[in-house]
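Quick notes on the structure that follows.
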Protein chains: 4
Amino acid sequence: MDETPIRQRDAVRTRAELLDVATEVFADSGYSGARIDEIARRTRTTKRMIYYYFGGKEQLYLAVLEKAYRGIREKEQTLQVQDLDPAESLRRLAELTYDHHLENTEFIRLVAIENIHRGRFIRQIDSLRDLGKPALGLLEEVLVRGREDGTFRADVDAVDVHLLISSYCVFQVANRYTFGHLFDLDLDAAENRDRLRRVIGDVVVAWLTAAARTAE
Amino acid sequence: MDETPIRQRDAVRTRAELLDVATEVFADSGYSGARIDEIARRTRTTKRMIYYYFGGKEQLYLAVLEKAYRGIREKEQTLQVQDLDPAESLRRLAELTYDHHLENTEFIRLVAIENIHRGRFIRQIDSLRDLGKPALGLLEEVLVRGREDGTFRADVDAVDVHLLISSYCVFQVANRYTFGHLFDLDLDAAENRDRLRRVIGDVVVAWLTAAARTAE
Amino acid sequence: MDETPIRQRDAVRTRAELLDVATEVFADSGYSGARIDEIARRTRTTKRMIYYYFGGKEQLYLAVLEKAYRGIREKEQTLQVQDLDPAESLRRLAELTYDHHLENTEFIRLVAIENIHRGRFIRQIDSLRDLGKPALGLLEEVLVRGREDGTFRADVDAVDVHLLISSYCVFQVANRYTFGHLFDLDLDAAENRDRLRRVIGDVVVAWLTAAARTAE
Amino acid sequence: MDETPIRQRDAVRTRAELLDVATEVFADSGYSGARIDEIARRTRTTKRMIYYYFGGKEQLYLAVLEKAYRGIREKEQTLQVQDLDPAESLRRLAELTYDHHLENTEFIRLVAIENIHRGRFIRQIDSLRDLGKPALGLLEEVLVRGREDGTFRADVDAVDVHLLISSYCVFQVANRYTFGHLFDLDLDAAENRDRLRRVIGDVVVAWLTAAARTAE
DNA sequence: GATGAATGAGTGTTCATTCAT
DNA sequence: AATGAATGAACACTCATTCAT
């Protein structure tokens with residue numbers, strides 16, 4: 001099946017390895033803090049190859065960023081909540097998002113790094129523009145079902161719900177160190193996770209159902 | 001009245017100026033990305049003074065971090081919500097926090113940077129340990145009032161409410177660039193602010209009042 | 001014959017040149033006083049190369065130290081005194097050592113520098129541990145021959161003889177400036193050398209033969 | 001008796017303290033390696049005072065050097081060997097010199113440092129020129145007595161004997177680290193001192209008496 | 001006489017990158 | 001396609017010293 005010549009297959013593998021290691025290093029140290037030398041050292045190749053395959057530090061970072069975003073969106077596509085009632089679907093969606101974020105700390109860190117740089121790099125990756133929107137589709141679907149059966153208030157946008165859920169879940173990962181230090185609470189500890197996951201479910205359901213009930 | 005010698009007054013001013021400029025530069029470029037030379041250049045003094053007053057890049061960053069946290073907590077102390085009923089107090093608190101964060105983007109950025117470094121620096125500043133806890137006092141007070149008059153559910157902790165509000169408000173600032181790029185929504189735009197502020201108020205009130213009503 | 005690529009041959013030459021110049025500069029100015037910039041300036045390359053080839057100032061100094069010691073020991077191996085009677089062999093050995101030291105002032109200076117640093121650097125060079133011992137072999141041989149034919153006293157160790165000779169010869173070079181200033185005697189002047197060389201020969205022969213005669 | 005005003009007495013004490021600490025630091029680290037800041041830190045005053053009292057690093061070092069040499073010569077004046085026969089006097093002188101050097105390692109180190117700098121500093125201190133010569137007086141006296149009673153050979157100069165003894169004794173201190181490393185012999189260890197002291201006594205007596213006996 | 005504040009010039013080191021085959 | 005050698009520019013930091021009262 002795979003008729004790619006050995007040399008080329010190696011090239012592909014080398015490229016992939018560089019990308020993986022670079023992802024780790026950038027996520028770990030930030031863009032300025034990451035060292036080309038360290039990336040190379042953690043690889044079976046030399047740093048010369050980074051220039052050969054990617055052209056430079058910035059292009060390598062761009063490749064890391066694009067791959068990370070694509071990977072995360074692909075995983076999101078697999079969420080399944082259709083067979084539940086609207087409120088339960090919403091709660092489920094929030095809690096799956098919560099788990100999803102805790103499992104992808106590397107990605108969340110890359111996003112934080114990118115924001116430190118005011119989105120200077122992501123703005124260069126056109127293919128990522130509006131990449132988020134499809135992710136709203138599933139949420140929108142749930143909201144429509146909830147509005148139709150009168151469970152959910154009608155004045156809340158899918159993007160606002162997404163913003164709320166994302167904020168909460170991203171914060172757990174992105175701000176875990178300062179929050180932990182100041183409030184003496186380990187957001188990453190297993191014993192807190194169930195409660196923290198339930199909170200975001202409770203919150204979104206309460207929010208979406210609140211006004212609806214009020215309107216009764 | 002002020003008999004401090006001129007030279008010493010200058011010293012205080014020079015130190016303060018260095019700290020202010022360093023705050024800007026670190027918030028702008030991160031720890032690794034910040035340049036001692038740039039900080040000095042933007043000042044009336046030379047980079048030699050950074051070593052004279054602070055000892056080095058790391059100590060300067062630590063001073064920046066401590067000052068930023070102290071400043072933010074002092075501002076928080078001035079919030080006033082006592083004369084409102086529990087739900088309105090809570091909404092008010094959330095919305096004031098929202099404004100507060102949007103006005104202190106530099107601080108939020110420093111916090112993000114610190115988290116990229118896994119809290120390595122903040123951990124060295126003992127005076128900041130548990131600095132957050134007093135900030136919970138006001139919120140706790142509101143929750144107690146709400147529980148007492150039956151408005152609020154009793155099973156929600158102040159720290160969890162604070163986590164929810166902080167997440168939402170921090171995200172607005174910290175993730176504004178990537179979120180804006182992916183969802184084509186400018187979280188910083190004036191035309192969105194009122195709605196976004198109202199959301200967090202609605203959310204916390206809905207959440208805290210939801211179970212109470214349910215319990216009826 | 002030599003199929004080493006030009007680039008690599010250059011590399012070897014560049015490294016060697018750096019080492020030679022560094023030897024001069026360290027011997028001249030001591031470890032702290034030596035300047036990386038000056039070493040580079042006296043070379044066809046840049047100071048960047050010092051870091052490329054050696055890693056830093058300390059490693060360069062270590063390389064200088066090791067090379068200097070190895071060079072000196074290699075030269076010592078070439079001494080020939082077998083065909084003389086014990087007393088003449090000993091005198092010859094002392095006088096050759098004398099000449100040897102006067103010809104290697106750079107090495108003696110490096111040794112003095114290293115002692116100022118309490119042997120902190122040489123202790124890191126395992127390959128130099130016990131490097132001196134082989135140097136004792138030749139001397140030991142002469143002493144044995146002298147003891148066997150009754151010329152030499154039997155209660156003197158080779159290492160003690162070596163210590164005496166070394167002391168005298170090293171002092172000529174290492175303390176030449178202060179001794180010259182205080183006693184108005186130029187230890188380096190050609191007109192003094194013959195007498196000073198004869199002294200150490202006389203001394204060791206007198207010492208080793210003294211007790212033997214006494215024992216008669 | 002001492003009517004010096006308090007302020008001036010303090011000045012004298014401060015100067016003396018600076019000199020003592022500077023002696024330690026220079027002897028420890030060499031001229032380039034010594035730090036003005038460290039000297040000040042180990043003092044009850046500030047580094048500004050070094051400039052006030054001495055003018056700069058070089059002048060401080062010169063003061064240290066002069067004081068060290070004067071101190072050492074004063075101690076040497078106290079040696080007493082008159083009441084022994086020539087050979088025993090000579091042996092005694094060599095062994096006292098040996099002890100003297102082992103007790104003044106700081107001075108020996110300063111001398112080594114000065115030689116590293118090719119006597120550049122000591123040459124500026126005219127008062128030290130020929131300071132050594134008086135030290136030869138005692139030795140000269142012994143040699144004369146020995147020649148007169150036929151014990152000592154007549155063709156050996158006091159300065160040559162002094163050179164031999166000095167070489168041996170200085171080496172014990174100045175080269176103790178490298179010699180120890182290469183020959184695995186601790187020149188500073190108590191268990192070696194008696195033997196090493198006896199060696200220099202044996203050597204000079206053997207040397208001075210050898211030719212005399214030969215001449216018989 | 002005494003001193004806290006300030007500093008210019010350099011010091012060892014590191015960075016991402018390109019040269020030359 | 002692949003690579004070992006080389007590098008300019010910048011980097012954080014330190015030194016002995018002087019300013020200004």
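- When atom types are taken as modelled, the side chain of A:K67 and the backbone of A:A16 share no donor-acceptor pair closer than 3.5 angstrom.
- Near DNA chain F, defined here as any heavy-atom distance below 4.0 Å, there are no residues from residues 26-40 of chain C.
- With sequence neighbours excluded, the residues that form a side chain to side chain donor-acceptor pair (under 3.5 Å) with A:E38 are A:R42.
- Taking atom CG of residue C:L18 and atom C1' of nucleotide F:dA6, one finds them 12 Å apart after rounding to whole Å.
- Remark: D:Y51 pairs with D:I36, D:R48 by the side chain to side chain contact (heavy atoms under 4.5 Å, CB included) rule, at least two apart or across chains.
- A heavy atom closer than 4.0 Å to some atom of DNA chain F occurs in B:K47, B:R48, B:Y51, these being the qualifying members of residues 42-52 of chain B.
- For the pair C:E58 CD and E:dT11 C1', the interatomic distance rounds to 16 Å; values are reported in whole Å.
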Inset, instruction - Kindly determine whether C:Y69 and C:V111 satisfy side chain to side chain contact (heavy atoms under 4.5 Å, CB included), including the steps that lead there. - result: CA-CA 9 Å; C:Y69 267 106; C:V111 171; 3.4 Å; yes

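- Atom pair D:F54:CZ and E:dA2:C1' shows a separation of 16 Å (rounding to whole Å applied).
- In this structure, A:K57 atom NZ and E:dT18 atom P are separated by 14 Å, rounded to whole Å.
- In this structure, B:K57 contributes its side chain and B:Y31 its backbone to a donor-acceptor pair below 3.5 Å.
- For A:E66 (side chain) and A:L128 (main-chain N/O), no donor-acceptor pair under 3.5 Å exists by modelled atom type.
- Listed for the D:R109 side chain is a donor-acceptor partner under 3.5 Å among the backbone atoms of D:D28.
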Inset, instruction - Dot-bracket for DNA chain E, please, read 5' to 3', with Watson-Crick or G-U wobble pairs under 3.5 Å on both distances, ( ) within the strand, [ ] crossing, | other strand, . unpaired. - result: .||||||||||||||||||||

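- Between C:F26 and the options C:F107, C:Y61, C:F121, a ring-ring contact (aromatic ring centres under 6.0 Å, His included) holds for only C:Y61.
- A donor-acceptor distance shorter than 3.5 angstrom exists from the side chain of A:R123 to the backbone of A:R118, with no hydrogens or angles considered.
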Inset, instruction - Before giving the answer on side chain to side chain contact (heavy atoms under 4.5 Å, CB included), spell out for C:R15 and C:F54 the whole-Å C-alpha distance, their side-chain angles and the decisive distance to 0.1 Å. - result: CA-CA 9 Å; C:R15 220 192 106 99; C:F54 297 94; 3.6 Å; yes

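- In terms of the side chain to side chain contact (heavy atoms under 4.5 Å, CB included) criterion, residue partners of D:S32 (sequence neighbours excluded) are, by chain and number, C:S32, D:H117.
- If you check every strand for non-hydrogen atoms under 4.0 Å, A:Y53 touches sugar and phosphate atoms only.
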